[in-house]
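Comments concern the structure below.
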Amino acid sequence: MISGQTPPTLEELARQALLRNEALAISALEKLPWTLFPPLFKDAFNGRHTRIVRAMVEAWPFPCLPVGVLMKTPSLEIFQAVLDGIDMHLKREFHPGSEKLQVLDLRKVPHEFWNIWTGREGGACWAETVDERPVVKDLPRYALRRRHLKVITDLYLRLPLNEEQACFLQWVQQRKVFLQLHCINMKICALPVCPIKEILSVFHPGRIEELELNMGWDVSTLARFANCLGQMRSLRKLFLAYIYKNTFRIGTRTAGREERCISKVIAQFSKLHCLQHLSMNGIFFLKDHMKQILRSLKTPLETLSITNCDLSQTDLNNFPWSHSLRQLKHLALRDITLCTSCLKPLGVLLENVAGTLESLDLQGCSIKDSQLTDFIPAFSKCSQLTRVNFWDNDFSMPILKNLLGHTANLTKMNVEQYPAPMQCYFGLGSVSEGRFAQLCLELMDTLRALRQPKRILFSTDPCNECGEHCVYDFGPRLCPCLH
């Protein structure tokens with residue numbers, strides 16, 4: 001034995017012996033102490049002992065089997081063994097009130113079950129007698145008529161489907177009468193509407209809590225999906241990306257048709273009564289429609305993120321008056337050209353949410369000095385801020401000093417990202433190394449005179465040659481062209 005290596009415990013040796021004799025392991029399951037089930041199952045699962053996994057799923061003595069967290073390395077064979085075990089479980093003679101397994105959790109997220117039942121949290125559970133079995137409450141009344149198994153999963157769908165996804169979708173389609181299917185987090189990338197609707201006929205839209213649609217659709221295609229979106233009454237997070245203008249022939253009828261499609265999509269927001277986080281990236285129809293979208297929302301948002309979209313002055317003017325934005329915690333307007341806009345409405349919005357706002361991201365908006373002064377006073381009142389990002393905007397040295405001078409009360413700040421001052425550049429946007437280091441150090445000193453920042457970064461625009469930024473944090477980090 002290698003010096004210093006901990007010898008295996010008697011229990012570990014017993015588990016290893018069972019795994020070496022599959023017939024013995026399977027025959028012993030009915031008498032196996034229930035405290036040994038989780039560690040033996042993990043060993044069998046990780047060792048790809050498919051027959052033991054199949055039998056253990058059938059005989060599982062706990063209400064929940066959170067197997068998804070164990071599926072770090074995809075294996076169609078071991079996944080099929082789990083599904084086969086569920087099939088055998090569903091075929092067993094049914095005695096209401098004696099049922100053990102009620103939930104199959106396929107989400108690949110940490111689950112406390114494995115920490116508790118494999119002794120990683122002090123081993124308190126091992127103090128019970130070994131012949132004691134978990135107590136299972138009586139099943140609800142519907143179980144007297146038919147056994148149902150709740151299956152919880154997350155889905156990331158894009159073509160082509162991997163083997164595991166194809167296997168699972170075919171399995172649930174054939175057994176949906178025996179299953180309660182809950183897809184908590186669904187991500188769909190570049191799929192046609194019809195296959196999505198077919199999937200949603202199995203995974204009820206009303207049980208989806210988080211949805212990411214990264215589609216590359218035109219707005220008429222999105223309108224065909226709109227009714228499905230409106231059925232997602234439990235949706236808390238919605239990320240919608242890359243919806244393009246239709247390629248209809250230009251004309252009055254075309255404009256009317258497009259507007260009807262947009263209206264149909266926007267109307268669905270009024271049905272999303274649980275929506276708290278709304279993110280939109282590359283959505284062409286937001287311009288001049290933000291008032292309608294925000295007015296449709298029935299609950300206050302915690303997050304509003306708009307990226308790579310066009311917004312009009314009318315859109316900005318409506319932000320402060322929207323009741324759905326009165327409790328914002330996170331506001332991001334990224335890569336939106338605001339250089340010709342009046343930002344006073346943004347200042348009013350910041351004042352409205354000064355007591356709740358935790359992050360503000362205005363990167364890449366081409367904001368100028370005169371515009372920044374419109375909301376600096378309101379920004380200074382946002383005492384809950386932990387993160388701000390002003391990168392890729394056009395601020396001078398005096399305005400940056402003014403901005404930093406108004407942050408004395410922002411003591412909860414963890415990360416601050418500011419653009420390097422315009423005085424760092426010469427010629428056609430080239431960076432002066434000396435001025436960059438000198439001015440950023442001066443700005444650091446300005447802030448440190450007020451409070452002690454945790455992490456602060458100044459960044460130049462991307463280099464014209466290599467596309468990299470020069471960043472100043474603990475000192476200057478130059479792009480490859482300036483080394």
Side-chain angles (χ1 to χ4, degrees), residues 1 5-92 99-121 123 125-126 130-131 133-134 149-154 162-172 174-175 178-179:
M1 180 181 297
Q5 184 176 355
T6 304
T9 64
L10 289 176
E11 182 202 311
E12 289 169 342
L13 292 172
R15 297 202 310 263
Q16 292 170 14
L18 285 173
L19 293 178
R20 286 194 295 269
N21 189 335
E22 288 189 342
L24 175 63
I26 292 170
S27 65
L29 290 180
E30 289 300 324
K31 297 181 180 179
L32 191 71
W34 58 273
T35 51
L36 294 182
F37 257 79
L40 180 61
F41 184 85
K42 284 187 72 172
D43 290 346
F45 193 97
N46 294 330
R48 303 291 191 260
H49 298 276
T50 55
R51 291 182 60 214
I52 296 178
V53 167
R54 185 184 303 116
M56 292 194 76
V57 172
E58 181 187 6
W60 194 249
F62 299 92
C64 179
L65 174 55
V67 71
V69 69
L70 304 181
M71 299 166 61
K72 296 176 182 177
T73 303
S75 169
L76 181 61
E77 185 181 15
I78 200 71
F79 183 56
Q80 185 66 62
V82 172
L83 299 183
D84 289 345
I86 294 296
D87 283 341
M88 294 192 299
H89 167 81
L90 293 172
K91 290 175 182 176
R92 291 189 308 177
E99 198 66 11
K100 299 297 189 295
L101 181 59
Q102 299 174 34
V103 179
L104 175 66
D105 193 339
L106 297 174
R107 294 173 296 171
K108 297 179 181 179
V109 295
H111 200 292
E112 64 180 2
F113 175 89
W114 298 111
N115 291 333
I116 294 172
W117 293 108
T118 53
R120 292 183 182 176
E121 293 192 356
C125 59
W126 296 90
V130 294
D131 59 340
R133 292 274 169 167
L149 178 72
K150 183 176 181 180
V151 179
I152 307 174
T153 187
D154 294 332
N162 62 42
E163 289 183 321
E164 187 179 306
Q165 288 175 326
C167 172
F168 176 64
L169 291 174
Q170 182 180 16
W171 183 81
V172 298
Q174 295 171 351
R175 294 157 182 81
F178 300 108
L179 306 174

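Summarising the local packing, CD of E77 is surrounded by 12 or fewer heavy atoms from other residues, nucleotides or ligands at distances under 6.0 Å.
Taking the six-membered ring where tryptophan is involved, the planes of F41 and F45 are tilted, since the angle between them lies from 30° to 60°.
Although no hydrogens or angles enter the test, the distance criterion places a donor-acceptor pair under 3.5 Å between the side chain of W114 and the main chain of P66.
Side-chain contact between R107 and I152: present, with at least one pair of heavy atoms (C-beta onward) separated by less than 4.5 Å. Looking at W60 and V67, their side chains never come closer than 4.5 Å, going by heavy atoms from C-beta outward. Contact of the D154 side chain with the K108 side chain is not registered, since no non-hydrogen atoms from C-beta on lie closer than 4.5 Å.
The structure places CD of E58 at 11.0 Å from CG of L101, a figure rounded to the nearest 0.5 Å. Between the NE2 atom in H49 and the CD1 atom in I78 there is a gap of 8.5 Å [rounded to 0.5 Å]. Separating the CZ atom in R175 from the CG atom in L83 is a distance of 7.5 Å, to the nearest 0.5 Å. The distance from atom CZ of F178 to atom CG of L149, rounded to the nearest 0.5 Å, is 11.5 Å. To the nearest 0.5 angstrom, M56 atom CE is 4.0 Å from L40 atom CG. Note that the CG atom of L32 and the CD1 atom of I26 stand 12.5 Å from one another [nearest 0.5 Å].
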Verdict with reasoning, F113 to L65, per side chain to side chain contact (heavy atoms under 4.5 Å, CB included) | CA-CA 9 Å; F113 175 89; L65 174 55; 5.9 Å; no

Could you go step by step and tell me if Q80 and T50 meet the side chain to side chain contact (heavy atoms under 4.5 Å, CB included) rule?
-> CA-CA 9 Å; Q80 185 66 62; T50 55; over 6 Å; no

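For the pair V82 and L104, the tightest heavy-atom approach, listed with the atom from each and the gap, is CG1-CD1, 4.4 Å. The two atoms that bring E30 and A59 nearest to each other are OE2-CB, 4.2 Å, heavy atoms only.
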